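First up is the structure itself, then whatever we jot down about it.
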Amino acid sequence: MQIGVPLETVVGERRVAATPETVKKYVKAGHSVIVQQGAGREASYTDEAYTEAGATLGSAQDAFAAELILKVRAPQSEELKSMGAGKVVLGMLDPFNAEHLQTMAQAGITGFALEAAPRITRAQSLDVLSSQANLAGYKSVLLATQFYDRIFPMMMTAAGTLKATQVVIMGAGVAGLQAIATARRLGAVVWASDVRPSAKEQVESLGGKFIDVPFETDEEREIAEGVGGYARPMPQAWMERQAALTAQRCAQANIVITTALIPGRPAPTLITEDTVRAMAPGSVIVDLAIERGGNCPLTVAGEVVEKHGVKIVGLTNLPSMLATDASALYARNLLDFMKLIVDENGKLAIQKDDDIVKACLICENGQILWGKE
Ligand code: NAD
């Protein structure tokens, strides 16, 4: 089968969907791979490395002419026109964007959105949300250090002692847990909050302290357990208790990293303007949830703003800032997913009864399949 790897065209997207390592494996499995010239440049993968791995270089048109196309971001209108109907496309196709989903279905592509894969053990090696969120969590802490005029660890010097920085992490999923680990490695004291009770043990195993918001009813506890590992919107009363405890913690902390998301919904507001006002001047908030509206209403997407003496970082697409490693992990995720839709003879053989395939197949033959199960 011919596999196409175009250059990503979304502004600021530096990742690429196949690396020389995965190209080599596709070629070994009998596929031919056509990589658009310069597709990996921003991620430090050279055209020469792709040709050495067995790929052919070509134009965008050549890459889109392939039977199966590997993408990072959902194809834009122009890209859909270039590829035409009948193509199989793998990527982070953002099925929650209804308008875009409709456009992809109308274009007649068979679209696999890997971020829709279930969070089950068998899907771990193709879990693009985890591979990218993990890097985003790491980068969020480094961004915080960049905008912060103090150090993280306690330091005893001849000129006196500097106290360790207190960090609050809101949301202890994949990104939040990596942020806890990274902040701890830098010597910070870390506090974290999550709705899911199971997060407490994970936070503590990384040396973090859990901000325990008590459950006052069985209903609250049941909602907090979430569905399929994901959080659900919590009742207002619980959110108010969480806000009060968080505000106290944030007033003593200098760094707040927010990662809280609920699938298919705007991000919950967790850091109010009053909480920001109570933070010490020079504090930094990094709002990783900004692409879903943000956990703080003062965050501005794509910008670093200063409010009430606090710097609020709303930079987007953190995995793209680590394009080499993010592409390496993402490309391996795609390679792993391919095993579910291609047979040992290298022919397309979509296993439609497979739970992972079913969940990821969002459109086919002009029809939207997302959310139909
Ligand atoms: P996510 O990105 O959807 O959300 C980030 C975190 O925000 C979650 O932990 C969520 O509980 C939390 N959150 C939501 N509302 C909140 C609120 N009001 N206050 C505080 N926190 C709030 O989550 P994710 O990182 O994608 O992880 C989701 C789940 O999937 C986790 O349980 C994770 O351990 C699990 N997971 C399982 C697998 C697997 O088994 N294959 C792989 C990856 C992740």
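Order of listing sets the numbers, starting from 1, for every ligand and every atom in it. Quick caveat, the model's predicted, so the values are computed rather than measured.
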Report yes if some N/O of Ile120 lies less than 3.5 Å from some N/O of ligand 1; otherwise report no. yes
Taking atom types as modelled and ignoring hydrogens, do the side chains of Thr182 and Gln178 form a donor-acceptor contact shorter than 3.5 angstrom? yes
In this structure, atom 25 (O) of ligand 1 is nearest to the protein heavy atom Val174 N, 2.7 Å
For atom 40 (O) of ligand 1, is the nearest protein heavy atom under 4.0 Å away? yes
Check Met234 against ligand 1 and report side chain, backbone, both or neither, counting heavy atoms closer than 4.0 Å. neither
Would you say the side-chain atoms of His308 and Glu273 include a donor-acceptor pair closer than 3.5 Å? yes
Output a table of donor-acceptor pairs, distance under 3.5 Å, between side-chain atoms of residues 5-17 and any protein atom two or more places apart or on a different chain; print 'none' if there are none.
unit_1: Glu8; atom_1: OE1; unit_2: Lys71; atom_2: NZ; d: 2.9
unit_1: Glu8; atom_1: OE1; unit_2: Arg73; atom_2: N; d: 3.1
unit_1: Glu8; atom_1: OE2; unit_2: Lys71; atom_2: NZ; d: 3.4
unit_1: Glu8; atom_1: OE2; unit_2: Val72; atom_2: N; d: 2.7
unit_1: Thr9; atom_1: OG1; unit_2: Glu79; atom_2: OE2; d: 3.0
unit_1: Glu13; atom_1: OE1; unit_2: Arg15; atom_2: NH2; d: 2.9
unit_1: Glu13; atom_1: OE1; unit_2: Arg73; atom_2: NH1; d: 2.7
unit_1: Glu13; atom_1: OE1; unit_2: Asn317; atom_2: ND2; d: 2.8
unit_1: Glu13; atom_1: OE2; unit_2: Arg15; atom_2: N; d: 3.0
unit_1: Glu13; atom_1: OE2; unit_2: Arg15; atom_2: NE; d: 2.8
unit_1: Arg14; atom_1: NE; unit_2: Glu42; atom_2: OE1; d: 3.2
unit_1: Arg14; atom_1: NH1; unit_2: Ser320; atom_2: O; d: 2.9
unit_1: Arg14; atom_1: NH2; unit_2: Glu42; atom_2: O; d: 3.3
unit_1: Arg15; atom_1: NH1; unit_2: Gln132; atom_2: OE1; d: 2.8
unit_1: Arg15; atom_1: NH2; unit_2: Asn317; atom_2: OD1; d: 3.1

Protein contact to atom 22 (C) of ligand 1 [nearest heavy atom, distance to 0.1 Å]: Ala260 CB, 3.5 Å
Ignoring hydrogens and geometry beyond distance, is a side-chain donor-acceptor pair present between Arg249 and Ser193 at under 3.5 Å? no
Side chains of Tyr148 and Thr165 only: does a donor on one sit below 3.5 Å from an acceptor on the other? yes
Report the nearest protein non-hydrogen atom to atom 17 (C) of ligand 1: residue, atom name, distance rounded to 0.1 Å. Val195 CG1, 3.5 Å
How far is atom 42 (C) of ligand 1 from the closest protein heavy atom, and which atom is that? Asp127 OD2, 3.3 Å
Which is it for Ser130 and ligand 1 at heavy atoms under 4.0 Å: side chain, backbone, both or neither? side chain
Would you say Arg196 and ligand 1 have an N/O pair spaced under 3.5 Å apart? yes
I want to know if ligand 1 touches Gly173 in the polar sense, i.e. an N/O pair below 3.5 angstrom. yes
Report the member of Val213, Leu288, Asp194, Thr259 with the shortest heavy-atom distance to atom 9 (O) of ligand 1. Asp194
Could you tell me whether the side chain of Thr324 and the main chain of Ala43 form a donor-acceptor pair under 3.5 Å? yes
To atom 2 (O) of ligand 1, the nearest of Asn295, Leu270, Leu261 on a heavy-atom basis is Leu261
List every atom of ligand 1 that sits less than 4.0 Å from any heavy atom of Met239, numbering the atoms from 1 in the order shown and giving each element. 18 (N)
State whether Asp127 and Arg119 are salt-bridged, where the test is any N-O pair (Lys NZ or Arg NE/NH1/NH2 against Asp/Glu carboxylate O) under 4.0 Å. yes
Give me the nearest non-hydrogen protein atom to atom 20 (C) of ligand 1 as residue plus atom name, then the distance to 0.1 Å. Gln242 NE2, 3.4 Å
Determine yes or no for a side-chain-to-main-chain donor-acceptor pair under 3.5 angstrom, with Asp194 supplying the side chain and Met170 the backbone. no
Mark whether atom 33 (C) of ligand 1 lies under 4.0 angstrom from at least one protein heavy atom. no
Checking Ser125 against Asp336: is there a side-chain donor and acceptor pair closer than 3.5 Å? yes
Out of all atoms in ligand 1, which are within 4.0 Å of some heavy atom of Ala231? Include the element for each. 10 (C), 11 (O), 14 (C)
May I ask you to identify the nearest protein heavy atom to atom 3 (O) of ligand 1, giving residue, atom name and distance to one decimal place in Å? Tyr230 CD2, 3.6 Å
Show your working on ring pair (Phe, Tyr, Trp, His ring centres under 6.0 Å) between Trp370 and Phe96 and close with a plain yes or no. CA-CA 9 Å; Trp370 166 251; Phe96 285 116; 5.3 Å; yes
Starting from atom 29 (C) of ligand 1, what is the nearest protein heavy atom, named by residue and atom, and what distance separates them? Gly229 O, 2.9 Å
Between Arg119 and ligand 1, which residue portion shows a heavy-atom distance shorter than 4.0 Å: side chain, backbone, both, or neither? both
Spell out, as yes or no, whether a donor-acceptor pair under 3.5 Å connects the side chain of Thr246 to the backbone of Gln242. yes
Measuring from the heavy atoms of Gln124, does anything fall under 4.0 Å of ligand 1? yes
Does any donor atom in the side chain of Gln248 or Gln252 lie under 3.5 Å from an acceptor atom in the other side chain? no
At a non-hydrogen distance cut-off of under 4.0 Å, which region of Ala172 contacts ligand 1 (side chain, backbone, both, or neither)? backbone
Checking one residue: Tyr230. Which other hydrophobic residues are in its cluster under the side-chain 4.5 Å linking rule? Leu129
